[in-house]
Structures are given as structure tokens and as C-alpha cells.
Amino acid sequence: MPTPLEKWVHQQAELTKPDRIHWCDGSEEEARWLMKVGMEQEKINGSPVFYLLNQNTWPHAYLHRSHPTDVARTEHLTYVCHPDKETAGPNNNWMEPEKAKKMLTNLSNGCMRGRIMYVLPYMMGHPDSPFAKACVQITDISYVAVSMRIMTRMSKKVIKKIGNRDDFVKGLHSVGDFNPEKRFIMHFPDEHFVWSIGSGYGGNALLGKKCFSLRIASWLGYNESWLAEHMVIMGIEDPEGNITYVTAAMPSACGKTNLAMMESALPGYRVWTIGDDIAWLNIGPDGNLYAINPEIGFFGVAPGTSSKTNPNMVKTLKGQNFYPTLFTNTALNIQTNEPWWEGFDVPAGDNMADWQGKAWVPSSNKPAAHPNSRFTVSIYNTPTLSREFDNPKGVPISAIIFGGRRSKLLPLVVEAFSWQHGVFIGTRSGSETTAAADHQVGVLRRDPMAMLPFCGYNMADYFRHWLRMGSKMKNPPKIFSVNWFRTDEDGNFLWPGFGENIRVLKWIIDRINNRAGGRETPIGIVPRPEDIETSGIDISKEKLEKLLSVDTREWKDEIQDIKKFLDSFGRKMPSEILAEYQKLYNQCV
Ligand code: SAT
Ligand code: MN
């Protein structure tokens, strides 16, 4: 008798018609074979899937060039197919599930002809963790199979674990013909199923990542009393050796990965990395909140990564573990056969190829690496990896931080008055756009909890779920907001950022331990200049005062904009959030 898993794989093969099926076991030998298939057999746009890079300077590194139209997540083609539109909410594209499946069945008919179907059994979370989930993804390209092996715990043991069960997490992926017109990323939350066609890019194709671990997992969390969040998890060690664990949610281009691996500028303090993208948060038997990172790799943005901005990531990328390290759409120094991107440690060479493999010179007025070029690398290479990383129970969380890029208005750091006030801060948080993405620069986009593109159900219900979670915990974490990006009148950053951010984290952990002062303002508790450790840093008192100032007159426009945003979720918006809004309004207007 075939198992439900075997039956499911067989059905997908009947539809997609691959030349053959390969069940992956996650071994090193298999990874070597996958790289070979990608270098010698499979093609994208007539070119190989992988190129071997300089193995002396970049051990186990390979370059991948995507299809030129396939360089980022495609949010407008991403759907969450709940039975009714209201459950998906105004924050998601929605299609009636049967209609979506009919359309995808047509697009998938024969889409794997001439290709290998890879069956990838993997866990999100440590296999011994009560919070881990057994998953299987099907794909038809070596790049995705290898990337999943780096990002998740892929092993044939998962097949045993699934056994005769039918409720495993399912993902069906095909690159199709890379046609952006026929590209869809469809989620069926009640079936734990993601169906994706037409793209090989990270979040569109590595279905364990944003698709399952955030969109579908957030829906599971809503129904099962836990949270799936777009958050960094890190431990902060103080000079006495105590480690405080915190999570932080930030939209892209706010330095989330750099924060997770920060090299502290304050002597005696260290940051330990647990995750840079996704946190699953569960209430433990002791009533405290615990976090696990369901992933085991980084899928990070290359441009701007250097020994100055993130020395630990550079060490990670050059690490010796056997897990191939992939560079996607970076430039290539043809002379040295090394990857290169804007902002890296060394200048561009004389003989360069851009991300599409075309000749490039520094005077070309386009960047050589794609602005969203990426690396995929094992977290086990990280010099700052926390020793709790593989702890199946996770780490106890003492603070939750919401970050954003705001040139005005928001102080360097604010502590919420309460859990409810903190949820309001998360709800109204957002970030100004940067030049890295191709939209207008400096426009504020609200992105509650940095989850707007990733919440797999109605966000008003999600806010209610957050409020409910707070009341279930014995000691809910304190909630903070941070903003490293406040500028002066001339547009210069007031705060040096990077390793100096530890000074802000120090205030946060001192607040948790009742060791630091602060002053009450209408928007929360803000440190006074003397509450921030400034030994060994050259920052004027005026600058620090400006960084920590709250001017209620400036908040008038902001308050109107917050109201407009809250209203966009309609009558489902929880009254507790509206009450917090009203308090802010009364104090500022
Ligand atoms: O594609 S990912 O979601 O993994 C990365 C990103 O585009 O934000
Ligand atoms: Mn992310």
C-alpha cells in the first residue's frame, strides 16, 4: 500500500510529467551530485544553473544567475486562498481555492517534461522540537533543491517521521518557463499546501521559508495559540556573562541581518545569533515566551555586506563547512573568479561581468550586482552562532523590538507602557523606502510587525491574536521600538549605527532588569541622554538630545496617517488598538 506521501508525489508526477523522480536524502554526496547536474545538465535561458567559483578564496561557493525577469518576490502574484475573502483580509490577494487550483492545474500540466522532479523531505525546526513541522517540497530545479538543503533540515528521516500521516506540509514548485505572466504563488492554508509556478527566486520558490514558515504558519499560530513572525532572534551577553534573548522585527533595508550578527562596540558585550529572518514563538510550560528559528541558513542581501557592516557574515560566507554557499545574481570578477557586489571589501576588478554575465566596467552607470543579489549560506558557519541554536525548546524571550527607518519623528529607542501599547506600536510601525528598491525614495510605508507581505490571514485578526497572546503569558516580554535612521536638518544620520547599536540594546536589557532610567513621553518611555552609555563614542550632547526628543507638534500629521492606516482594516480592527490610538491622539492633538 503506498503511503499518503507516496500517493501525493505520484499524483503530482502524473500532472507535471517529469522525465524521472529523485527522492532527496539530504546527504553530502547528493549535494555534490546536485551541483554537478546544475553545472552540466540543467539550463536557465540556455546557460548553466551553477558556476564554480574560486575555491581557494571562497570554499564551496557557486554562482547562480537567475532568469533576468526573476529577481525578487512577486507580491502581486502571491495569493492566500482561504475559502472566503474576509479571512484573507485586505492585506492579501485572494482567489477562490477551487478556481485557483483549476488555473494552476492547467499551468502545471506537463510543466516538468524533460526535467528531473526532486522530492525534498525537510523539517522546519529541530526534529526534536515540539514546535517543528515535517514538510515535503517538490521542485524541478537543482538550485531550489540545493538552496532548501542549506536553509532547512533536509533528511530522509523526515519520510519516516511522516509515516502514514496525511497532514504533512506540502509544497509543489516548478520553474515552468519562467514566464512572469504565468507566475503564481498560491497558498492553501487549511491544507498546509503551497503551489508555486514560474519563478526560482527565494521567497517564491523555497516554499519552507516565507510561504510556509510565515504565511501558513501564522494561520496555524492563530488557530493554535502561537506566533510565526518575521523576526531576528539574538542573545545579548553582558560583561557578567548573563545572556538576555530578544527578537526584532524590521522591514527590509533596516539592517536586520547585520543586527543579528552584530560585533559589539562596547567592551564586555557580545551578540549571539539564533536567526535573521523568522521566529516561531510559543508559550512554554512556565508561562514565558520561547523562540525558535525554523531555518538553518541565511538568504541575505549581498550589496552592502562587508567586513565593516557585517564582519561575521563575511566570515560565514568564507566558512569551511560543506554546505555549498550560493551567490545569486552577484557580479563576477572574471580574472579571479570571485563573486563581487557594490559595497564589498575590495574594489571592482578590471575584468568584470555583471549579474547577467555581461561585460561591466565601473563607468557603466548601472550596478554590477543586482541590488537584490543574494547569498545562501549555512548558519552553522557563523562565528557568533548561539550555543542554544539547536535547543529544541528554544530560548526565553525578554524583549520584542520593532524597528523601522524613519528620518524624523521617532526617537532612537522607545519602551512601550504595556503589552497592549506595544502591540499598537507594532501595528503603526513602518519604514521609509530606500534607493535599493525601485520605487520612490523616502516614502513611508506602514508595515505592521514587518508582516504585511507575510501574514497569511486578515491582519485585523492578527492584531487581535497578538493582544490575546499577551494575556496568556505569565511574563510577557517588554516591547520596544528602535530607529537607527533619524537625521539632522541636512539629512545626515544622527546615530552611527552598526556595532554602536549595542548601546541601545544595553539600555533595553537594563530596562528589563530595572537597572536603567528613562522619562515618560506621550509615545512611551524614552531614555534621557545620561541613560545611554556613551563611553568610547564621540557623540555630542545636542545630537543625543535630538535623537531622543519627542516633539508632539510634529506628531500631528503622523497621527492622521496612522488613523487612515488603521481604518483600512475596517470594522474588524480591535477596540484595544483604537483605544491606544485615542490616547496618543489626546496627548498630541
Ligand atoms: O525571498 S525572501 O522572502 O526569502 C527574501 C526577500 O525577498 O525578502
Ligand atoms: Mn525577510
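Computed from a prediction, not measured in an experiment: that's the story for all the values here. Whatever order the structure lists ligands and atoms in, that order sets their numbers, starting from 1.
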In D277, which N, O or S atom comes closest to the Mn ion (ligand 2)? OD1
Within the supplied structure, the quantity of interest is the number of heavy atoms (other residues, nucleotides, ligands) at a distance under 6.0 Å from K393 NZ; does it exceed 12? no
Counting only heavy atoms from other residues, nucleotides and ligands, does the tally under 6.0 Å from CD of E224 exceed 12? yes
Between Y457 and Y222, is the ring centroid distance below 6.0 Å? yes
Give the atoms of ligand 1, by number and element, whose distance to some non-hydrogen atom of G202 is under 4.0 Å. 1 (O)
The closest protein heavy-atom partner of atom 4 (O) of ligand 1 is K209 CE, 3.0 Å
For atom 1 (O) of ligand 1, the closest protein heavy atom turns out to be G203 N, 2.7 Å
Among the N, O or S atoms that H230 has, which is closest to the Mn ion (ligand 2)? NE2
Would you please say whether a donor-acceptor pair under 3.5 Å links the side chains of T309 and N258? no
Centroid-centroid under 6.0 Å between F424 and F463 rings: no
Taking both backbone and side-chain atoms into account, decide whether I278 has an N/O/S atom under 2.8 Å from the Mn ion (ligand 2). no
Run down the list K210, E75, H230, M151 and name the one with the heavy atom closest to atom 2 (S) of ligand 1. K210
